[in-house]
Amino acid sequence: MAFISSGYNPEKPMEGRITDIGPHKYDEYFPPVIKKNFGKWLYHEILEPGVLMHVAESGDKVYTVRVGGTRTMSITNIREICDIADKYCGGYVRWTTRNNIEFMVEDEATMKALRDDLNSRKFDGGSYKFPVGGTGAGVSNMVHTQGWVHCHTPATDASGPVKCVMDTVFEEFKNMRLPAPVRIALACCINMCGAVHCSDIGLVGIHRKPPMIDHQWADKLCEIPLAVAACPTAAVRPTKVDYNGEKVNSVAIKQDRCMYCGNCYTMCPALPISDGEGDGIAIMVGGKVSNRITMPKFSKVVVGYIPNEPPRWPTLTKTVKHILDVYAANANKYERLGDWANRIGWESFFKLTGLKFTHHLIDDFRDPAYYTWRQSTQFKF
Ligand code: SF4
Ligand code: SF4
């Protein structure tokens with residue numbers, strides 16, 4: 001397409017420049033019923049999966065219909081969301097912290113028409129565009145990352161595996177029959193953008209081979225001390241190497257100290273690490289962020305490695321579904337996955353799930369590793 005100026009003048013880049021204006025104020029887009037009853041809500045009910053009702057002191061009611069969102073979406077898709085909001089909600093709509101979409105209306109009849117309309121819309125391939133659900137004790141949307149769509153450090157994809165896992169657990173998105181909500185999150189590398197470290201089930205992309213070293217470019221592209229300081233196990237050191245008869249500054253990596261975190265690549269483009277067969281996904285479970293009954297928890301690694309199997313990641317989805325099913329069948333009401341595993345003991349978690357306990361799962365990172373071992377004779381055979 002031919003160039004069309006927005007009015008910005010590259011000759012005078014600072015002229016007419018607007019800066020530091022921040023986001024629009026949050027209440028600018030409040031539906032009228034929300035604006036009127038702000039801070040005066042009395043109680044709420046989950047009427048059915050995906051549908052909430054809030055009642056205010058004034059007696060006003062607001063019905064919320066929550067639908068799954070793919071997070072990565074086209075303007076066309078967003079326009080369709082806007083059309084629906086125009087038709088039923090006076091043009092108002094909101095997104096949740098798990099990237100679901102919520103439509104709000106003031107009466108039950110409109111809520112039902114809206115809900116049925118949303119559930120009826122499908123893509124040409126057959127997938128629901130706006131499946132209603134995601135409330136109460138079920139599986140809501142998966143918080144996820146960029147993957148092969150946009151990032152340069154991933155060990156796996158994000159959108160792909162998320163679609164596969166959500167297809168597999170779709171019934172739990174549409175229902176509220178689990179002991180407690182199960183949060184599933186995915187990060188495509190151990191930077192763990194998002195929530196994998198504090199989710200009931202966390203999926204994280206991992207490497208299994210040390211970085212390659214591009215000696216020709218290391219000193220030209222990288223601030224070598226940063227690459228050295230990037231390593232959590234001090235596997236990286238500065239060195240001089242012969243490159244085509246020329247002495248160049250570069251780095252050396254002690255392979256038996258490297259655990260393939262990829263942090264040095266984040267600092268230094270000359271240390272690429274991704275590998276088709278080496279890379280895969282680790283599964284963590286038992287994290288949570290709420291303070292309900294028990295304190296917030298980190299998730300723990302329970303499966304060291306599952307290969308990347310695009311486009312459907314069958315081993316991954318099967319394992320996630322299995323963990324979810326065993327939890328659902330065994331946990332008490334209100335027990336999050338981590339609460340359940342802690343109560344029955346992790347040896348019982350492995351016994352019930354049949355997951356293989358490997359030496360990879362035993363913490364060996366610095367002094368704190370010791371506290372993850374068992375200083376007690378209390379365990380179950
Ligand atoms: S988790 Fe890693 S690979 Fe994924 S978006 Fe974040 S930094 Fe990039
Ligand atoms: S990948 Fe991680 S552990 Fe390995 S050398 Fe780089 S920073 Fe160190």
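Excluded from the calculations below are hydrogen atoms, water molecules and symmetry mates; all remaining heavy atoms, backbone and side chain alike, are included. All residue numbers refer to positions in the sequence shown, counting from 1. In listed order, ligands and their atoms are each counted from 1.
- Excluding water, every protein N/O/S atom under 2.8 Å from atom 2 (Fe) of ligand 1 is given here by residue and atom: Cys189 SG.
- Arg71 places none of its side-chain heavy atoms less than 4.5 Å from the side chain of Met142.
- Side chain to side chain, Asp279 and Ser274 fail the donor-acceptor criterion of an N or O pair below 3.5 Å.
- In this structure the side chain of Asp363 never reaches within 4.5 angstrom of the side chain of Pro368, judged on heavy atoms.
- Of the N and O atoms on the side chains of Thr372 and Lys300, not one donor lies less than 3.5 Å from an acceptor on the other residue.
- Not a single N, O or S atom of Cys258, from either the backbone or the side chain, sits less than 2.8 Å from atom 6 (Fe) of ligand 2.
- Every atom of ligand 2 is numbered from 1 in the order shown, and the set under 4.0 Å from a heavy atom of Val236 is 5 (S).
- Remark: minimum distance from atom 2 (Fe) of ligand 2 to any protein heavy atom is reached at Cys261 SG, 2.3 Å.
- Scanning the protein heavy atoms around atom 6 (Fe) of ligand 2, the nearest turns out to be Cys264 SG, 2.2 Å.
- Nearest non-hydrogen protein atom to atom 3 (S) of ligand 2 is Met259 N, 3.4 Å.
- Contacts between Tyr265 and ligand 2 below 4.0 angstrom, taking non-hydrogen atoms only, are absent altogether.
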Which atom pairs, donor and acceptor, lie under 3.5 Å between side-chain atoms of residues 348-359 and protein residues at least two apart or in another chain?
unit_1 : atom_1 : unit_2 : atom_2 : d
Ser348 : OG     : Ile344 : O      : 3.0
Thr353 : OG1    : Phe349 : O      : 2.7
Thr353 : OG1    : Phe350 : O      : 3.4
Thr353 : OG1    : Leu355 : N      : 3.3
Thr358 : OG1    : His360 : N      : 3.4
Thr358 : OG1    : His360 : ND1    : 3.1

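- Each of Ile101, Val132, Thr96 was compared with Arg66 under the side chain to side chain contact (heavy atoms under 4.5 Å, CB included) criterion, and only Thr96 meets it.
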Please report the C-alpha distance between Cys151 and Cys189 in whole Å, then the side-chain angles of each, then the deciding distance to 0.1 Å, and finally whether the disulfide bond (SG atoms under 2.5 Å apart) criterion is met. CA-CA 10 Å; Cys151 198; Cys189 86; over 6 Å; no

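- The contact set between ligand 2 and Thr233, taken as ligand atoms under 4.0 Å from a residue heavy atom, comprises 3 (S).
- Judged by the 6.0 Å and 45° rule, Arg374 forms no cation-pi pair with Phe379.
- For atom 8 (Fe) of ligand 2, the nearest non-hydrogen atom from the set Cys231, Cys268, Pro232, Gly262 comes from Cys231.
- A ring-centre distance under 6.0 Å is not found for Phe103 and Tyr88.
- The closest side-chain heavy-atom distance from Pro161 to Leu316 is below 4.5 Å.
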